[in-house]
Undergrad: 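There's a structure below that I have some questions on.
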Amino acid sequence: MSTSPRKPRVFSGMRPSGTATIGNYLGAIRNWVAQQAEYDNLFCIVDLHALDTLTDPNEMRDNIHGLAATMFAAGLDPEIAPLFAQSDVPQHAELTWTLSAVTQFGELSRMTQFKDKTAGKSDAAINSSMFFYPVLMASDILLYDSDLVPVGDDQRQHVELTRDIANRFNARYGETFVVPKADIKEVGARIMSLQEPTKKMSKTDPNVNSFIALSDESDVIKRKIKRAVTDSDARVAASPDKPAVSNLMQIYGILADMSLSEVEDHFAGKGYGPFKAELTDLLVESLAPIHENLRMFAANPDEVTRRLEDGAAKARVLAEAKMSDVNRKTGVGGKLHR
Ligand code: AQP
């Protein structure tokens with residue numbers, strides 16, 4: 001009897017810190033959906049990672065459900081890609097503490113995201129959870145023996161740190177964790193702000209014109225694309241000295257399945273007006289099926305809850321087994337298990 005080889009395990013997460021943007025979609029969700037049949041998947045709404053951003057419990061609950069509905073609406077199939085809320089599996093927090101014992105202060109201090117998000121802030125305004133974020137992320141990934149972590153480019157350094165943490169734990173206590181690899185696509189991995197094209201598009205950007213949310217209706221998309229900054233000349237051409245137009249061309253190219261040079265040829269001699277009009281139409285058309293599904297989930301919110309509960313039940317089985325292996329290896333606990 002031949003047994004088929006185990007499919008690689010994929011794990012990835014998203015903070016329910018706001019409404020998912022076209023950046024989150026093109027850099028992450030779209031890839032998760034496109035390759036879900038190839039892998040043994042687990043996806044997570046990482047609510048504990050959002051505690052330092054959201055202080056209103058109702059907003060937290062609404063965002064968790066809204067983001068889950070968005071991921072299902074975008075095509076995540078709960079039968080092959082279970083989705084769950086991080087805090088429904090307590091081992092994420094438990095493993096974080098254990099991994100903090102093999103994570104160096106200096107490593108966390110060097111994380112670019114920490115430096116970016118805390119720049120210009122006083123110590124009193126920086127929560128330690130922001131500093132500790134990569135340890136919780138390492139625990140999210142390592143808890144499930146994940147082989148691949150499909151993320152946008154901004155998370156590359158955190159996955160590298162996760163690898164270092166896994167290797168250090170394995171060296172100290174024996175083979176315990178799979179050492180994961182980041183899966184970062186060449187296109188879409190870094191969609192930039194529509195207002196400041198040298199800055200990554202973020203769902204928590206206070207300027208709502210800087211991003212297109214997946215839930216934005218056509219009139220909002222039209223307005224935001226109209227206001228999107230462009231570069232000084234009127235040519236639709238991609239180059240490092242034209243970051244604004246290059247970013248818009250990248251969005252167009254991914255959605256139209258065209259390379260940047262094909263996009264450039266398509267708009268040769270046309271200028272920004274026709275380009276922005278076509279980009280708006282393409283975005284509206286691409287998001288229409290997601291909107292239709294979102295309306296379906298809005299009419300049946302219990303279905304989202306049910307799917308999240310199912311996902312958590314599947315994740316807990318794996319997390320409990322891994323955490324008891326970890327505790328046995330480190331020797332903590334009163335059971336004298338050897
Ligand atoms: N601009 C982006 N381009 C491509 N990919 C992106 N991702 C985020 N922004 C872009 C990818 O989306 C996934 C989920 O990210 P997250 O929500 O957990 O946190 P983040 O990376 O910090 O994303 P945001 O939108 O900027 O959130 P906030 O504002 O809460 O910090 C990840 O795979 C990420 O790479």
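Ligands are counted one by one from 1 in listed order, and the atoms in each one are counted from 1 as well.
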Undergrad: Considering distance alone, does some N or O of S202 sit under 3.5 Å from an N or O of ligand 1?
TA: yes

Undergrad: What pairs with K185 under salt bridge (charged side-chain N to carboxylate O under 4.0 Å, His left out), at least two apart in sequence or on another chain?
TA: D183

Undergrad: Indicate whether the side chain of N207 and that of E196 have a donor and an acceptor atom separated by less than 3.5 Å.
TA: no

Undergrad: Assess S12 for proximity to ligand 1: is some non-hydrogen atom of it under 4.0 Å away?
TA: no

Undergrad: Using the benzene-type ring in the case of Trp, are the ring centres of H158 and F114 under 6.0 Å apart?
TA: no

Undergrad: Return the closest protein heavy atom for atom 29 (O) of ligand 1 as residue, atom name and distance.
TA: T204 OG1, 2.4 Å

Undergrad: What do you reckon, does N24 put a non-hydrogen atom under 4.0 Å from ligand 1?
TA: yes

Undergrad: Do ligand 1 and I191 have nitrogen or oxygen atoms that lie under 3.5 Å from each other?
TA: yes

Undergrad: For ligand 1, is there an atom lying under 4.0 Å from some heavy atom of D154?
TA: yes

Undergrad: Cation over ring, R307 on F72, under 6.0 Å and within 45°?
TA: yes

Undergrad: So which heavy atom in the protein is nearest atom 27 (O) of ligand 1, and how far is it from that ligand atom?
TA: K203 NZ, 3.0 Å

Undergrad: Strictly below 4.0 Å, N to O, side chains only: are D164 and R168 in salt-bridge contact?
TA: no

Undergrad: Near V151, which atoms of ligand 1 are under 4.0 Å from a heavy atom of that residue?
TA: 33 (O), 35 (O)

Undergrad: Among R156, K117, M137, whose heavy atom sits nearest atom 31 (O) of ligand 1?
TA: K117

Undergrad: If the cut-off is 4.0 Å to any non-hydrogen atom of G27, which atoms of ligand 1 fall inside it?
TA: 4 (C), 5 (N)

Undergrad: Considering both backbone and side-chain atoms of G152, is one of its nitrogen or oxygen atoms within less than 3.5 Å of a nitrogen or oxygen in ligand 1?
TA: yes

Undergrad: Which of the atoms of ligand 1 are close to Q113, meaning less than 4.0 Å from one of its heavy atoms?
TA: 22 (O)

Undergrad: Need the ligand 1 atom indices (1-based, order shown) with element for anything under 4.0 Å from a heavy-atom of S17.
TA: 28 (P), 30 (O)

Undergrad: Is A28 close to ligand 1, meaning an N/O of one under 3.5 Å from an N/O of the other?
TA: no

Undergrad: Salt-bridge test for K200 and D116: reply yes if a basic N is under 4.0 Å from a carboxylate O, no otherwise.
TA: no

Undergrad: Can you name the salt bridge (charged side-chain N to carboxylate O under 4.0 Å, His left out) partners of R156, sequence neighbours left out?
TA: D153

